[in-house]
Amino acid sequence: MTEPAKTIIRFENVTKRFGKMVAVDNVSLSIEEGEFFALLGPSGCGKTTLLRMLAGFEIPTEGRILIDGQDVSRIPPNQRPVNMVFQSYAVFPHMSVADNVGYGLLVDGVAKAERDRRVEEALSLVKLEGFGGRKPDQMSGGQRQRVALARALVKRPRVLLLDEPLSALDAKLREAMRSELAQLQDKVGITFLMVTHDQEEALAMACRCAVMNRGLLQQVATPSDLYEYPNSRFVADFIGQVNLFEGKLTVDEHDHAVVASPDLPAPIYLDHGVTGAHGTDLWVAIRPEKIELYKRVEGQASPVLEDAPAGHNVVAGTIRHISYLGSESVYEVELETGRKVRALRSNLTRRDQEDLTWDEPVWLAWHAWSPAVLLS
Amino acid sequence: MSAATTKDRTPPGPLEYLRRWPIRTWLVLVTVYLYAPLVTLMVFSFNDSKRNIVWRGFTLKYYIAAFQDSDLITAFGNSLTIAAVSTLSSVILGALTAMLLWRFRFPGKAAFEGALSLPIVVPEICMGVAMLVFFTQVLPWPTSLPWPLNLGSIIISHISFSFSFVAIVIRARLASFNRELEEACKDLGASEWRIFRDILVPHMAPGLVAGGLLAFTLSLDDFVITFFTSGPDTTTFPVKVYSMVRFSVTPEVNAASTILIVITVALTFLALRLQGTEVRDTVGGH
């Protein structure tokens with residue numbers, strides 16, 4: 001565990017064009033050995049093209065793709081040390097489960113006894129012992145996905161590629177498979193590279209994520225860094241929910257800064273300095289769950305969070321809409337400026353959701369370390 | 001039994017037209033209209049009468065006579081040989097054509113695809129005359145060749161109209177192919193040839209069989225085109241039956257026709273059954 005991470009895949013300035021359309025735009029990315037890496041982005045962002053280039057189904061227009069330091073850009077897919085789990089699972093319908101799993105070994109000329117042993121091993125890895133004789137149409141969607149997983153893992157690839165692995169499963173099963181996939185990856189120790197448009201999926205399973213948009217790599221970070229320290233409005237907005245305020249820096253000291261936004265009646269106080277943004281427009285992102293709600297009574301003073309000077313990080317508003325989601329409620333609060341702000345509150349007790357009602361005057365407050373400052 | 005009776009007692013639902021008497025009557029009438037001539041033909045093949053106008057009692061002697069008629073048997077053998085060879089060739093050609101259309105884009109593809117259905121829409125008599133002209137003017141087929149080479153011109157004509165049926169059936173089957181299966185196969189290390197053998201052919205199999213049976217029945221009962229391309233020594237079963245009818249409509253003709261009907265119906269039934277499994281496969285596969 002302490003040995004230094006070794007780079008297994010490297011994309012070097014990879015660009016892919018389909019005619020005039022640029023699907024992947026000058027992407028450079030390294031993936032370490034043993035990582036569970038997720039490529040995340042909206043549909044059409046180029047993440048699947050990137051994955052397919054790694055598998056060998058597309059050839060990069062420019063740049064190189066290295067696996068273990070070897071340039072594989074021009075190597076056909078049947079000679080690459082990677083295997084893929086397809087979105088539709090692509091389980092061969094006319095073959096039994098065992099034949100499906102053993103197919104890659106059969107093609108490689110592995111002897112029957114050795115093949116049978118490894119197929120058995122792979123099936124038990126995905127908890128499908130005893131299913132070898134079944135036909136795919138006798139299995140559920142979740143089981144077919146396990147067959148596809150076993151079929152790819154049995155070849156002991158250097159990297160396992162997963163194309164939207166959970167998108168075809170129903171909600172409950174998807175959640176169960178999330179942790180199971182992560183456990184499986186832990187057990188086999190193979191590098192997993194997953195493509196998904198579901199940010200929750202990526203945050204829950206991956207060690208690191210790359211967020212893509214319009215063919216460009218936006219940010220590569222751990223799930224918590226992506227969420228808490230997004231580097232752009234796109235990432236902040238794509239991962240989870242966010243309230244974005246456009247503004248200008250009014251104070252910028254080494255230990256604190258103040259941003260004034262025309263949308264907010266009160267200035268935003270930050271407990272850290274901001275570099276290189278004087279006078280220019282910038283954006284402040286505040287996640288809904290980081291905004292606290294207090295009842296507002298006419299004539300009573302506003303709440304003060306001890307880490308910001310009075311009058312900062314507190315605004316008055318009125319609840320306009322409540323989405324009750326069971327474990328939490330999302331409140332849409334209208335400020336005096338007309339701007340609507342989303343605040344999220346966990347329903348810690350069974351009474352919590354009765355506490356605040358529609359058209360109720362409230363205070364919104366947040367801590368000085370909660371907002372994220374975005375320059376682009 | 002009890003389930004059936006309870007089902008009958010419930011009043012017909014708004015869309016259950018088949019359980020209302022006007023539709024049922026209509027269905028019966030249509031069925032009678034369609035099948036009465038065929039049933040008459042079959043029944044009268046057992047008629048113990050030379051003139052075959054009124055029913056004179058049951059006999060199998062015309063079946064025996066049919067089987068002892070060496071010309072008829074030769075014609076039947078010719079028909080089976082032609083059908084077998086043309087089926088095999090049309091399936092191979094049709095499958096390759098279907099794959100070409102499915103897999104590749106090339107200039108003139110739409111025109112080619114349209115031309116493919118031409119043999120299906122062109123009136124058979126025109127096809128027949130065209131074949132006659134072709135085999136006299138362009139490719140005179142020697143009549144003195146030994147059997148079965150003397151059947152060549154008929155076989156070629158049969159392939160030319162049946163392979164487009166095969167191609168269309170297989171093309172439809174290929175449309176339901178999930179390209180990810182091919183990619184998965186390649187991803188697992190298979191070569192193009194192995195993908196074709198292990199994934200594509202099994203997927204096409206129901207189409208190959210259904211197309212083959214279609215080609216077989218088309219060839220077996222084709223009259224018009226064969227009539228124009230057959231010579232004195234190369235009569236096929238339908239052509240022979242036609243010449244028998246010209247002399248007299250004996251129960252022997254009925255018996256021979258009944259045999260042909262039975263073979264055709266059996267093969268069509270088999271083709272439909274296989275297409276049925278194809279539908280099930282497609283539903284189960286996704």
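Sequence lines set the chain letters: A, B, ... in the order given, protein chains first and strands last, and positions in each chain run from 1.
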Which region of A:F86, side chain (C-beta onward) or backbone (N, CA, C, O), has a non-hydrogen atom less than 4.5 Å from a non-hydrogen atom of chain B, or is it both or neither?
both
Distance-minimising heavy-atom pair for B:D187 and A:A55:
OD1-CB, 4.5 Å
Quick check on A:F92 against chain B: is it the side chain, the backbone, both or neither that has a heavy atom closer than 4.5 Å?
both
Minimum side-chain heavy-atom gap B:K186-A:V107 below 4.5 Å
no
For the atom pair CZ (A:R52) and CD (B:E183), what is the distance rounded to the nearest 0.5 Å?
4.0 Å
Is the number of heavy atoms from other residues, nucleotides or ligands under 6.0 Å of A:K127 NZ greater than 12?
no
Kindly check if the number of other-residue, nucleotide or ligand heavy atoms within 6.0 Å of CZ (B:F106) is above 12?
yes
Should the heavy atoms of other residues, nucleotides or ligands under 6.0 Å from OH of B:Y35 be counted, would the total exceed 12?
no
Who among A:Q138, A:R151, A:K135 has the most heavy-atom pairs with chain B under 4.5 Å?
A:R151
To the closest 0.5 Å, what do you measure between CZ (B:R179) and CZ (A:F57)?
11.0 Å
To the nearest 0.5 Å, what is the distance between CD1 (B:I199) and NE2 (A:H94)?
4.5 Å
Minimal non-hydrogen separation, B:E180 against A:S88, with atom names:
OE1-OG, 2.5 Å
Separation of B:L188 CG from A:D108 CG (nearest 0.5 Å)
9.0 Å
